[in-house]
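Everything numeric here is computed off the predicted structure, so don't read it as measured data. Note that ligands are numbered from 1 as they come in the structure, with each ligand's atoms numbered from 1 the same way.
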Amino acid sequence: MALRICVTGAAGQVGRVISRAAVNKGHTVFGVDLPPGPCPDSADSQRGSYSYQQLDVCDIGGLRRYVEENKCDAMVHMAAVLNNPNRTIKGKEWTESDIHTINTTMSYNILRVSADLGIKRVVQASSVNAIGMLGSDPPIFDYFPLDEKHPFRPQAAYDLSKQICEVQADAFARKYPDMRIASMRYHWVVEPSLLSADALHRRGGEPKGLWGYISEADTAEATLLGLTVPEQTFPTGHEAFFIVAPTQHQQASTAALIDQWYPHSTRRKQWRGNEGLYDCSKAENLLGWTAKISFPWTGPSS
Ligand SMILES: NC(=O)c1ccc[n+]([C@@H]2O[C@H](COP(=O)([O-])OP(=O)(O)OC[C@H]3O[C@@H](n4cnc5c(N)ncnc54)[C@H](O)[C@@H]3O)[C@@H](O)[C@H]2O)c1
C-alpha cells in the first residue's frame with residue numbers, strides 16, 4: 001500500500017537515501033529538516049511524490065500542523081544531532097547537553113504527534129551505539145555476537161539519547177497498543193564511494209565499533225520494511241533491530257580480533273573468516289530483512 005511518509009532529517013545522508021527509496025517504491029514523501037529548501041534530492045517533487053519543508057522537529061506545534069495538513073500516515077524519524085569527526089561538512093559543535101536535549105525532545109515529539117494523529121507505523125533511527133560503544137571508555141561487551149538482548153551501558157550523550165528514544169518507544173507502545181514502532185540500530189551507513197572491501201579495510205575503524213558497517217541500500221530497505229511488514233510478522237508494539245552487514249570490514253579473522261581486543265567476552269559461536277559480531281536474525285525473522293551487500297574476506301580462516 002502506498003504511504004504518505006513524513007521523513008525527518010530529510011536533508012541528511014540517511015534521510016535522503018530513504019526518501020529516494022520510498023518514492024521509488026511508490027510512496028509519497030514529506031521531508032522536513034533545518035536547511036532551507038529545496039532539499040538536495042528534490043527532483044521527485046516534479047512527480048508530486050516528494051515535497052520538502054524547513055522545519056525544526058523540536059517545535060511540536062509546527063510538526064503536528066505539517067503532518068496533519070499533509071495527511072501523513074507513516075513516520076520515519078532520522079533527524080539527530082551528533083559531532084561526527086568524519087563528516088566532511090562540519091556543522092555546529094554540539095555540547096553533550098545539546099545532543100541529549102535535542103535528540104530526546106525530537107524523538108518524543110515524533111512519537112507524541114504520531115500517537116495523537118493516529119499514525120500507527122513509525123520507524124526511528126537508533127544506533128548500535130545505544131548499548132554504549134564509540135562513546136564509551138571502554139565499551140563492555142558481555143558476549144558475541146551481539147543481539148538486541150545485550151544490556152545497555154551508554155556513557156556519552158549521543159549513545160544515551162539513542163537508548164532513551166527506545167525507552168520512549170516502549171512507553172508509547174504500552175499506551176497505544178495499535179502502534180508499531182521499529183527502532184533501527186544502524187551501524188556505520190556507508191556511502192557508495194567507500195563501498196568496497198578495500199576502501200572499508202583501509203579506513204580501518206575503531207575496535208570499539210566492532211568494525212561494522214551497512215550499505216545505504218540495505219539501510220533503506222530495512223527502514224521501509226519497518227513501516228510496511230504486516231502486523232502478523234511484527235506483532236508487538238516496539239522492537240529494536242540491529243541493522244549491520246554480516247561481515248566485519250577488516251581483512252583479518254574475527255576470532256583473532258576477538259582474541260586481541262575482547263578476550264573476556266563470552267563467545268556464543270565459532271567464527272569463520274570475517275563473519276561479523278552482530279546477530280541480525282531478529283530483523284530477518286520479524287521484518288524479512290537481510291543485508292544484501294557485504295564483503296567476505298577470502299584470506300585464511302581462523
Ligand atoms: N550515518 C550513520 O552511519 C548512522 C549510523 C547509526 C545511526 N545513525 C542515525 O541515523 C540518523 C540519520 O543519520 P545521518 O547520517 O543521515 O545524519 P545527518 O547528520 O547526515 O542527518 C541528520 C539530519 O537531521 C537534521 N536535524 C538535526 N536537528 C534537527 C531538528 N531540530 N529539526 C529537524 N532536523 C534536524 C540535520 O539537519 C541533518 O540534516 C541519525 O538519527 C543518526 O543518529 C546514522
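Counting heavy atoms only, D33 comes closest to atom 26 (N) of ligand 1 of the residues D33, V244, V17, I102. Nearest-residue assignment for atom 41 (O) of ligand 1 (options H77, K162, Q13, Q124; heavy-atom criterion): K162.
In this structure a side-chain-to-backbone donor-acceptor pair under 3.5 Å is missing from S161 to T104. Between the Y66 side chain and the G61 main chain, no donor and acceptor come within less than 3.5 Å of each other.
In the vicinity of Y158, heavy-atom distances shorter than 4.0 Å reach the ligand 1 atoms 7 (C), 8 (N), 9 (C), 42 (C), 43 (O). The distance from ligand 1 to the heavy atoms of V81 drops below 4.0 Å at these ligand atoms: 27 (C), 28 (N). Near L55, the atoms of ligand 1 lying under 4.0 angstrom from a non-hydrogen atom of the residue are 32 (N), 33 (C). Short contacts between ligand 1 and A79, defined as distances under 4.0 Å to a heavy atom of the residue, involve ligand atoms 24 (O), 26 (N), 34 (N), 35 (C).
The shortest N or O to N or O distance between G9 and ligand 1 is not under 3.5 Å. Among the atoms of S127, none of the N or O lies under 3.5 angstrom from an N or O of ligand 1. In terms of N/O distances under 3.5 Å, ligand 1 is not approached by Y186. Of the N or O atoms in V57, one or more lie within a sub-3.5 Å distance of an N or O in ligand 1. Residue V14 places at least one N or O, backbone or side chain, under 3.5 Å from an N or O of ligand 1. Considering backbone and side-chain N/O of V189, one or more are found under 3.5 Å from N/O of ligand 1.
Residue S126 touches ligand 1 through its backbone alone, judged by heavy-atom distances below 4.0 Å. Only backbone heavy atoms of H187 (N, CA, C or O) come within less than 4.0 Å of ligand 1; its side chain stays farther off. Here V128 has no heavy atoms under 4.0 Å from ligand 1, in either its backbone or its side chain.
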What's the verdict on salt bridge (charged side-chain N to carboxylate O under 4.0 Å, His left out) for D73 and K120, showing C-alpha distance, side-chain angles and the deciding distance?
CA-CA 7 Å; D73 50 16; K120 295 193 172 59; over 6 Å; no

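Partners of W188 according to the ring pair (Phe, Tyr, Trp, His ring centres under 6.0 Å) rule, which considers only residues two or more places apart in sequence or in another chain, are H249. Partners of E221 under the salt bridge (Lys or Arg N to Asp or Glu O under 4.0 Å) rule, at least two apart in sequence or in another chain, are K292.
Here Y186 and F241 keep their ring centres 6.0 angstrom or further from each other. Ring centroid separation for the pair H238 and F172 does not come in under the 6.0 Å cut-off.
R185 forms a cation-pi arrangement with F242, by the criterion of a distance under 6.0 Å to the ring centre and an angle within 45° of the ring axis.
A salt bridge does not link K175 with D170: none of the charged nitrogens is closer than 4.0 Å to a carboxylate oxygen.
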